[in-house]
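Take a look at the structure below.
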There are 2 protein chains.
Amino acid sequence: MKPAADAKNDTSKRILDIAEQLLLTRGFNAFSYQHISSELGVRNAAIHYHFPKKTDLGVALIQRYRRRFQRFVDAQHTLAPQQQLERYFTLTDAYFEQDQQICPSGILTTEYQTLPAEMQAEANAFVDEMRDWAVRIAAAGRDDGSMHYAGTAEAMGLLMLAALQGGLQLARTDQSVLPALKLQIRALLGLATPLP
Amino acid sequence: MKPAADAKNDTSKRILDIAEQLLLTRGFNAFSYQHISSELGVRNAAIHYHFPKKTDLGVALIQRYRRRFQRFVDAQHTLAPQQQLERYFTLTDAYFEQDQQICPSGILTTEYQTLPAEMQAEANAFVDEMRDWAVRIAAAGRDDGSMHYAGTAEAMGLLMLAALQGGLQLARTDQSVLPALKLQIRALLGLATPLP
DNA sequence: GACACCTTACTAACCAGTAAGTAGAGTTTC
DNA sequence: GAAACTCTACTTACTGGTTAGTAAGGTGTC
């Protein structure tokens, strides 16, 4: 048995969970170790024990996102393209419903210029992966005949990603944004009503 | 003659100019009065003389944007819809080319939860105005037969706004984003090559 | 002398980060 | 099997820097 290691992992995970919530609602520059430690019920220095520098915490957060996103993608590579798109919409809705969070790529690219180089590198990789995935959906949908749109799959995937990223942010000022955007993306892809 | 008033206006304007640059590159939470005062060559308290609270500066910034955007819209209400769209693209490019700035609505909605209530209210109004304008372009383009797209003009305008907002942010990780996005929006509107 | 526009000098709060110490659980050594 | 140790996961206490914001004073212009 390794209760010590379990406890360590548990605290680290809880730190990451709280930091993730703060990142997606307030941004990396607008939360501090105090926010985390008071929420967690420990002292400030305890956070530094697990993540010595704030940069370490930021990098760990993005790396966790990347792993999670990879699992998300892998888990549904057998689904039809339009079902994958609907899953992506559901994911987007889930962000918004949880305290009007925005997507990680949105906060990371917006604060990009103020982030340490290690975080910028991780953010670049993360954005690339998300973009590739959106492009694959658009390409597969065209290939299997379920989606019909003008332009290239590369540009269409990019547009969907950019629109949802911007849409999650705009939704904070008007909650009707996301439903309208989803409808419009479906319309532009020549999709009818969403699948159940 | 009013040299005193001119000097005041001039300094206030320069403060706003520097603050605007900082807002669009770093965000509201990631710049301080020190950044402005050192750039301007004055002491910290001089900024507080013109804008007592940082909130005052933030509100003044958004109000200036709103006035500027209104002039931008008014100045080209006689242009054809697709020419107005191209002007909007040009505006977007100009932001990016100036130190990879993002659009004001992007930073304001991303940092929304951390902004003082006065700034949130101004941001709401600003976003509404931008959204209305994008929708009017989509509607006018459909009405005059120059644009052809699926879905409503409301949703299409919103999608263009959201995509360009997200696109300006994503462009920081890959400069090919904006050109691809512009091409795709034109394609989705049934527009051919951009007008000169 | 009143006013606009600054300065110096300061406060209190917050920030990331560090150093040194401690409690407890597990491991080693004799 | 008990004393000695080591390790994890913290704590207290602190540093130096930055933050927004204020108070009081100076200087030039009308």
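Protein chains get the first letters and strands the later ones, always in sequence-line order, with residue 1 at the start of each. In what follows, every heavy atom counts, from backbone to side chain, and hydrogens, waters and symmetry copies are set aside.
- A:R136 has no carboxylate O lying under 4.0 Å from a charged side-chain N of A:D143, or vice versa, which leaves the two without a salt bridge.
- Atom CZ in A:F51 sits about 15 Å away from atom C1' in D:dT8, given to the nearest Å.
- Environment of CZ in B:R87: sparse, with no more than 12 heavy atoms of neighbouring residues, nucleotides or ligands closer than 6.0 Å.
- Straight-line distance from the CG atom of A:D56 to the P atom of C:dA16: 13 Å, rounded to whole Å.
- A sub-4.0 Å separation between OP1 or OP2 of D:dT8 and a side-chain N or O of A:H50 is absent.
- Counting only distance, with no hydrogens or angles, the side chain of B:E129 and the backbone of B:R66 share no donor-acceptor pair below 3.5 Å.
- Open room surrounds CD on A:Q175; 12 or fewer heavy atoms of other groups in view lie less than 6.0 Å from it.
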Legend entry - Under 4.0 Å protein heavy-atom contact, by nucleotide of nucleotides 11-17 of chain D - B base, S sugar-phosphate only: BB-----

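- A salt bridge is absent between A:K53 and A:E118; no separation between the charged side-chain nitrogens and carboxylate oxygens falls under 4.0 Å.
- Checked against ring pair (Phe, Tyr, Trp, His ring centres under 6.0 Å), A:F89 has no partners two or more places apart in sequence or in another chain.
- Remark: B:Q70 CD is packed, more than 12 non-hydrogen atoms of other residues, nucleotides or ligands lying under 6.0 Å away.
- One can place NE2 of B:H48 at 11 Å from P of D:dT19, the figure rounded to the nearest angstrom.
- Residues that satisfy the ring pair (Phe, Tyr, Trp, His ring centres under 6.0 Å) test with B:F69, not counting sequence neighbours, are B:W133.
- One finds no salt bridge joining A:E86 and A:K182 here, because no Lys/Arg side-chain nitrogen approaches an Asp/Glu carboxylate oxygen to under 4.0 Å.
- Checked for salt-bridge contact, A:D17 and A:R64 meet the test: a charged N lies under 4.0 Å from a carboxylate O.
- Listed by residue number, A:F31, A:S32, A:Y33, A:Q34, A:H35 are the residues of residues 24-36 of chain A with a heavy-atom contact under 4.0 Å to DNA chain C.
- Judged as a ring pair (Phe, Tyr, Trp, His ring centres under 6.0 Å), and not counting sequence neighbours, the contacts of B:F28 are B:F31.
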Every protein N/O within reach of nucleotides 25-27 of chain D N/O, cut-off under 3.5 Å:
none

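- Side chain of B:K53, nearest nucleotide from D:dA20, D:dT22, C:dG17: D:dT22.
- Nucleotide D:dT18 holds its P atom 16 Å from the NZ atom of A:K54, rounded to whole Å.
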